[in-house]
Amino acid sequence: MTFAFLCAILLSVRLLASAQNIQIQPLPPTVNYGENDLVIVCSITNPSQLAAVYFIELQRNSSTLFDGVVSVVTGQTSPIQWKDFALRNRASATASIDSPSSAQLRLTIDKANVQCPSDFKMYKCRMSGFSSIASESVSQETSPIIISYIVKPAVIEVPRVKILNELYVTPDRQFPVGTAITLTCRGQTIRWCAQKTNEMMFTGLPQTPIHSEASLSGCQYTRSSTITYNLTSQDTFTKFLCESGDTGLCGTGTAIQYVNISTTVTEGSSTTSAPSTDEESSTINSPTTNDTSENNDTLTTDGTSASGTIAGGATVLVLLILLVV
Ligand SMILES: *[C@@H]1O[C@H](CO)[C@@H](O)[C@H](O)[C@H]1NC(C)=O
Ligand SMILES: *[C@@H]1O[C@H](CO)[C@@H](O)[C@H](O)[C@H]1NC(C)=O
Ligand SMILES: *[C@@H]1O[C@H](CO)[C@@H](O)[C@H](O)[C@H]1NC(C)=O
Ligand SMILES: *[C@@H]1O[C@H](CO)[C@@H](O)[C@H](O)[C@H]1NC(C)=O
Ligand SMILES: *[C@@H]1O[C@H](CO)[C@@H](O)[C@H](O)[C@H]1NC(C)=O
């Protein structure tokens, strides 16, 4: 009876001595890439069973092996010792090892420095100390954990506008009817929608976008998407959007960007579209080209109209001379 009782005590002591003394915690449990720091804490779970903690180390796996990242060692002048020097340049560590109850090692990778996916590896903590129950040294390690993460769809840039076949992006947002423009946006999966001034809502554009090669930025592939759109007389004021993320209706994506395009008043377009107009009509035309917003497209017509006014002025002069005579 007493023997059995003793056995039970001994057994429980052995169990207690082999109880887990070290734990690993990722904070937060799931890292929102780009928004959360990546923090991993190694800490002591049963400090009352330990007389001392000598050493705590955080490891992570590369291929099949685990390598030390950073450790804290008692009795050193600089207790924190880095082993992963590349990580040391973009992470920080704090530690305490003085008493078992407060002993811990904390690695922090600032959200701006987290590398995806290479930082989301398997991590584990190791410790060694002296057990006050078994009166012997203990060395333990945690099971490895995988740091889980989520990535939100990339923020899409504001659509870039170009006149078809021109080399450079234009800041202009107003074009003559008949202009073919291209709109380009960068993101994960891109959908294009438009809303004309008389329309109640955005509807998907039928154009098939031209996509660039996808390239990995962070943990997600992004690519650019380009559509060509012919501005019609219906496009007095048309809003375009590009969006990313799984969407049902237009405008429900997780990342959306807009651009507003309008057409210039069509009054003068009939005269400018006729290239055979003589000097008189071009002089009449020049005061009405008061809209200075798209000077760069009409450089040549501007030039002819300018020469038209000079020629017109000359004829007026000749007439005056004739009158004087
Ligand atoms: C190490 O991590 C990789 C992922 O980066 C995983 O595929 C592999 O199974 C891990 N190896 C071990 C031994 O944990
Ligand atoms: C725009 O107009 C041109 C001809 O002017 C035509 O070839 C092209 O298919 C049109 N594009 C779209 C998207 O309607
Ligand atoms: C586009 O026009 C709307 C008004 O319809 C305005 O609220 C919005 O700010 C404009 N967006 C841009 C990018 O100019
Ligand atoms: C050009 O526009 C200005 C105002 O922006 C106006 O005062 C002027 O009369 C216009 N000129 C012509 C020729 O329409
Ligand atoms: C027009 O073109 C000139 C260069 O030829 C450039 O410096 C200027 O920014 C352009 N203006 C607009 C509104 O595109």
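Each ligand, and each atom within it, is numbered from 1 in the order the structure gives.
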Between Lys239 and ligand 3, which residue portion shows a heavy-atom distance shorter than 4.0 Å: side chain, backbone, both, or neither? side chain
Could you pull out all residues at least two apart from Phe202 that satisfy ring pair (Phe, Tyr, Trp, His ring centres under 6.0 Å)? Tyr258
Set out, in order, the CA-CA distance, both residues' side-chain angles and the distance that settles side chain to side chain contact (heavy atoms under 4.5 Å, CB included) for Val138 and Gln49, then state yes or no. CA-CA 11 Å; Val138 287; Gln49 296 175 17; over 6 Å; no
Salt bridge (Lys or Arg N to Asp or Glu O under 4.0 Å) with Arg126: which residues, sequence neighbours excluded? Glu57
What residues form a salt bridge (Lys or Arg N to Asp or Glu O under 4.0 Å) with Arg90, not counting sequence neighbours? Asp119
Can Gln104 and Ser96 be counted as having a side-chain donor-acceptor contact under 3.5 angstrom? no
Donor-acceptor pair between Asp67 and Ser62 side chains, under 3.5 angstrom: yes
If hydrophobic clusters are built from ILVMFWY residues whose side chains come within less than 4.5 Å, do Val73 and Leu58 share one? no
Give a table of atom pairs where an N or O of ligand 2 lies under 3.5 Å from a protein N or O.
from	atom 1	to	atom 2	distance (Å)
ligand 2	2 (O)	Asn230	ND2	2.3
ligand 2	11 (N)	Asn230	ND2	2.9
ligand 2	14 (O)	Asn230	ND2	3.3

Please say whether Asn260 places an N or O atom under 3.5 Å from an N or O atom belonging to ligand 3. yes
